[in-house]
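Within every chain, numbering begins at 1; the chains are lettered A, B, ... in the order of the sequence lines, protein sequences first and strands thereafter. Atoms considered below: every heavy atom in the structure, side chains included; atoms not considered: hydrogens, waters and symmetry mates.
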There are 2 protein chains.
Amino acid sequence: MRRTGDLKLIQELNQFIVLDAIRESGPISRSAIAKKHNLSLTTVTSLVKNLMEEGYVTEAGIGESSGGRKPRLIKFCPDSRYLIGVSLRNSRITIAEMNLNAVVKQQKIIPVIQQEQVIATILEQIERFLEEIQNDKENCIGISFITQGIVNTAKGMIHYNPKLKLIDVPLKKYLEERFKLPVWLDNDTNAHILAEKHLGIRPVHDHAIYITIGDGVGAGIVVNGQMYRGASGGAGEFGHTTIDRGGIPCDCGNVGCLENYVSWPALYSRILTFIKKGRQTLIYSLANEDIRSISPRILVEAVNLKDPFAVELMNETASYLSAGIVNLLHLFNPNTLILGGEVTNHNPYLLEKIEENVKRQALKILVEDLEIRQTTFGDHLEMTGAAAVLLQDFFEFSLIAK
Amino acid sequence: MRRTGDLKLIQELNQFIVLDAIRESGPISRSAIAKKHNLSLTTVTSLVKNLMEEGYVTEAGIGESSGGRKPRLIKFCPDSRYLIGVSLRNSRITIAEMNLNAVVKQQKIIPVIQQEQVIATILEQIERFLEEIQNDKENCIGISFITQGIVNTAKGMIHYNPKLKLIDVPLKKYLEERFKLPVWLDNDTNAHILAEKHLGIRPVHDHAIYITIGDGVGAGIVVNGQMYRGASGGAGEFGHTTIDRGGIPCDCGNVGCLENYVSWPALYSRILTFIKKGRQTLIYSLANEDIRSISPRILVEAVNLKDPFAVELMNETASYLSAGIVNLLHLFNPNTLILGGEVTNHNPYLLEKIEENVKRQALKILVEDLEIRQTTFGDHLEMTGAAAVLLQDFFEFSLIAK
DNA sequence: TCAAGTTAATACACTCACTGGAGAAAGTAA
DNA sequence: TTACTTTCTCCAGTGAGTGTATTAACTTGA
């Protein structure tokens, strides 16, 4: 349902604009905000007063004079509230307390032992975590839950998660009822691109695609500046796009799916075949001749050491992946393409090859202004993603009534 | 630049809501609008008065009583203003005067003879058309221009049109300067999906894709309820997505592009090869044994008459096209897929085959609620599209300052 | 050193769009 | 005919933003 216009709406809209200005450009003076956004100084003063009373912003000393009275600067207070991020990935639950800048304050990682009771375990662990952090629940703006698989954000349901055998679980409802807090629920790839967009070091444009290559292959999509999830939360199933009509049949029912060529399990199986033939590769020695120890990290290390087999594997991977990426570009015409996941991290050779292929194969106008790069996040990627999902919604004005 | 909140903004927003209610649900009473949208009756009365003064709505008699005073109904006046639609397609310019419901009042089709002077011809022909229709320019809300190729809507430029050799033409500027009217510029496929969304007989959901198969293969995309054009207007280049890594090289630099398998030129060339081998097909006889007369319409006719070769050709086309469509579904997860263009029109067999293939190959959750259908528009599709581009923007409230 | 000019922030009267209540107008139902 | 509904308008009241006057604080240059 759409909101109608009234005085509350004006104030709310302007308050969002002022808070945004302080978050993005703070410390900043009242008069600078007024000039930048065409608001009267009076209005800005009054809104800043409100924001101060709620604790979101505070005075931050005196600025430099530009020929008159020195400005009193206002800054954002990221620690005035906190939020809880939860990530469910494979068989591991991560719970963290973060501030309004997505900085992790406390974190806890719990392995899931009994798969049948995942949901019960999650609820119990969050409960315990909330008790442990001993922070006033009044100051908690909500819980953000991210997980693999297909998630229906609108309905607040985990639609389909094959690994944990979750089908149509109304998790948002469960969490809201138990903890009496607002809850956000989203897919992890989506969360990652939101993190890049809102919290990344380098700015992300209005049309960005984030590709992860790990156990599976997925894509997070930002279009028109918004997250795009599709009709039932299944958008970005990049791993199941066909690049070869005559290719390998896939479990999903389709043929020649990208995932069967470039995901880690696919690469691993090819490495094994090679080793079993008795042929030489650094990958084997880096893993101490134990095939179970071969990991994406070792593969990447071998590539960086220019092991011929590893390099050849990357060439092929780049070739397959580029075909998929070119399709993406032709359909979405993004201006930023971000590569993440274990296979691509710290792997400049792969990135370079992909860029080379893509720029040759795609329509020129679509790659002219395209930037291809790796993710800027390190360790806390998961939690940063969870925070981004919540924060981008929390700090954005919307005409849709909630 | 984002708009700030003030009293004008509330009124404008509410006025849009009221006008929308009258357009969508009219004739309707003031009190029904108030109840439906949670506005006070006083506000509705006042806004309706404004709208009446501007001529957009008018009283439309007395409605049925529901136990009290009979309501005075308000209806939308589509003829209170007019707009000019222009379509540039292959070597033909179509210009039309339409009302606010996209009903064509007057139309003119002009062949373009000298390709070098396309732009000059367009400007001249619009000038002449405006004189001929003898309608007060005051009542013209703008000109909507649609064309093939890649169009940058934000910059108002035809970015790339290979057939007419247009590169980076600032057409919007040209038109605005010459006619002193607001101008909209968009790609024709985009226009078609907007027509389906806003003016179609059956409703289109918030995530829809429109595929046209004709001389080329293109896709118009609506996501989150908005038109999606991409970073530089090149989104939806569906024809240049790879479905076969080992396939036919394409002019675009890529390999195995869909367009080389299912576009009309591709089909035509296969029909010619077949006929030249001296083999029998209804297509040849329906074209009076003149290969130059073979058209998409004749092919479709042969399919409907169950000509074995034509049917086999459709089976193959469906197979290629389905692979491309499955990719689209996996990336966009739409809830409506609309097929248009000369090859698919009046061709239920092709539609059925595609639906069959797609439902088998795509992830189940992505096709569960998917509706695949043909376009609902007939003759005036081009002009309706042009009108849709303008009208959807004209009647939509936006927080972005213009 | 001090007056003139600038910039920053606040105080207050004013404007304007929405709201709610009073009341008129025009029906229905018993 | 009376009681009750529903539709619509009029009018005073509310509140958020605006412009102007005012105060505060600083820079510049004579």
Side-chain angles (χ1 to χ4, degrees), chain A residues 2-19 21-22 25-53 57-75 397 401, chain B residues 2-19 21-22 26-53 57-75 397 399 401:
Chain A
R2 204 157 169 200
R3 288 186 65 170
T4 54
D6 54 18
L7 292 176
K8 274 265 164 287
L9 181 125
I10 316 184
Q11 194 179 37
E12 203 180 297
L13 171 58
N14 289 337
Q15 189 132 309
F16 270 103
I17 291 173
V18 169
L19 182 53
I22 299 171
S25 323
I28 186 171
S29 71
R30 292 167 177 82
S31 83
I33 299 171
K35 272 175 202 150
K36 197 170 170 184
H37 293 277
N38 273 320
L39 282 164
S40 78
L41 193 47
T42 317
T43 305
V44 174
T45 300
S46 142
L47 292 174
V48 166
K49 203 176 151 200
N50 290 354
L51 289 169
M52 276 183 177
E53 275 163 15
V57 303
T58 187
E59 298 249 356
I62 307 292
E64 280 305 292
S65 163
S66 59
R69 174 174 170 177
K70 286 179 177 167
R72 285 155 59 192
L73 302 178
I74 317 288
K75 72 171 180 194
F397 178 78
Chain B
R2 205 160 169 196
R3 286 186 66 170
T4 53
D6 55 16
L7 292 175
K8 274 265 164 288
L9 181 123
I10 335 181
Q11 195 180 35
E12 202 180 296
L13 171 58
N14 289 337
Q15 190 132 311
F16 270 102
I17 291 174
V18 169
L19 183 52
I22 299 171
I28 187 172
S29 73
R30 291 167 177 82
S31 85
I33 299 171
K35 273 175 202 152
K36 196 170 171 183
H37 292 277
N38 273 321
L39 282 163
S40 77
L41 193 46
T42 318
T43 305
V44 175
T45 301
S46 142
L47 293 173
V48 166
K49 202 176 150 199
N50 290 353
L51 289 169
M52 275 183 177
E53 275 163 14
V57 303
T58 187
E59 298 249 357
I62 307 292
E64 279 306 293
S65 163
S66 61
R69 174 176 169 176
K70 286 179 178 168
R72 284 155 59 193
L73 302 178
I74 318 288
K75 71 171 181 194
F397 178 78
L399 275 177

Problem - Distance below 4.0 Å between Lys35(A) side-chain N/O and dA8(C) OP1 or OP2 - result: yes
Handout entry: Thr43(A), nearest nucleotide to its side chain (from dG17(D), dT14(D), dT28(C))
Key = dG17(D)
Handout entry: Nearest-angstrom distance from the residue atom NE2 of His37(A) to P of dG17(D)
Key = 15 Å
Problem - Interatomic distance where CG belongs to Leu39(B) and C1' belongs to dC8(D) [whole Å] - result: 16 Å
Fill in the blank from the handout: From NZ of Lys49(B) across to C1' of dC8(D) the rounded distance in Å is 13 Å
Practice task
Can you tell me the distance, in whole Å, between the CG atom of Leu9(A) and the C1' atom of dG15(D)?
Solution key: 14 Å
Fill in the blank from the handout: dist Asn14(B):CG -> Leu9(B):CG (nearest 0.5 Å) comes out at 9.5 Å
Exercise for the section: Would you check if the side chain of Ser46(A) reaches a backbone N or O of Thr42(A) as a donor-acceptor pair within less than 3.5 Å? Expected result: no
Handout entry: Lys8(B) vs dA17(C): side-chain N/O to OP1/OP2 distance below 4.0 Å
Key = yes
Handout entry: d(CD, Gln11(A); C1', dG17(D)) in whole Å
Key = 10 Å
Practice task
With the side chain of Thr42(B) defined as its heavy atoms from C-beta on, choose the nearest nucleotide among dT7(D), dT19(C), dA9(C).
Solution key: dT19(C)
Problem - N/O (side chain, Arg72(B)) to phosphate O (OP1/OP2, dA25(C)) under 4.0 Å - result: no
Fill in the blank from the handout: Among the nucleotides dG19(D), dC18(C), dT7(D), whichever has the atom closest to the side chain of Pro71(B) is dT7(D)
Exercise for the section: Return the 5'-most residue of the pair Ile10(B), Thr45(A) with respect to DNA chain C, ranking by each residue's nearest nucleotide. Expected result: Thr45(A)
Completion exercise
Arg69(B) has its side chain closest, among dA25(C), dT10(C), dT27(D), to dA25(C)
Exercise for the section: Considering just the side-chain nitrogens and oxygens of Asn14(B), establish if one lies under 4.0 Å of OP1 or OP2 belonging to dC18(C). Expected result: yes
Practice task
Select one nucleotide: of dT14(D), dG19(D), dT7(C), the one nearest the side-chain heavy atoms of Ser40(A).
Solution key: dG19(D)
Completion exercise
Against the side chain of Ser31(B), the closest entry in dC26(D), dA17(C), dT7(D) is dT7(D)
Exercise for the section: Find the distance Lys36(B):NZ to dT6(D):P and express it as a whole number of Å. Expected result: 19 Å
Completion exercise
Walking DNA chain D from its 5' end, the first of Arg30(B) and Leu41(A) to be reached, judged by nearest nucleotide, is Arg30(B)
Exercise for the section: Send over the distance from Leu7(B) CG to dG19(D) C1', rounded to a whole Å. Expected result: 14 Å
Completion exercise
Rounded to the nearest 0.5 angstrom, the CG-CD1 distance for Leu39(A) and Ile33(A) is 9.0 Å
Problem - Atom-pair distance (CG on Asp6(B); C1' on dG17(D)), nearest Å - result: 8 Å
Completion exercise
5'-most contact on DNA chain C (nearest-nucleotide basis), Ser29(A) vs Gly68(A), goes to Gly68(A)
Practice task
Please test Leu47(A) against Gln11(A) for side-chain contact (heavy atoms from CB on, under 4.5 Å), starting from the C-alpha separation and ending with a verdict.
Solution key: CA-CA 8 Å; Leu47(A) 292 174; Gln11(A) 194 179 37; 3.8 Å; yes
Handout entry: Ile10(B), Ile17(B), Leu13(B) screened by side-chain contact (heavy atoms from CB on, under 4.5 Å) with Thr4(A), the one that passes
Key = Ile17(B)
Exercise for the section: Quick one: pull up CZ in Arg30(B) and CD1 in Ile28(B) and give me the separation to the nearest 0.5 Å. Expected result: 11.5 Å
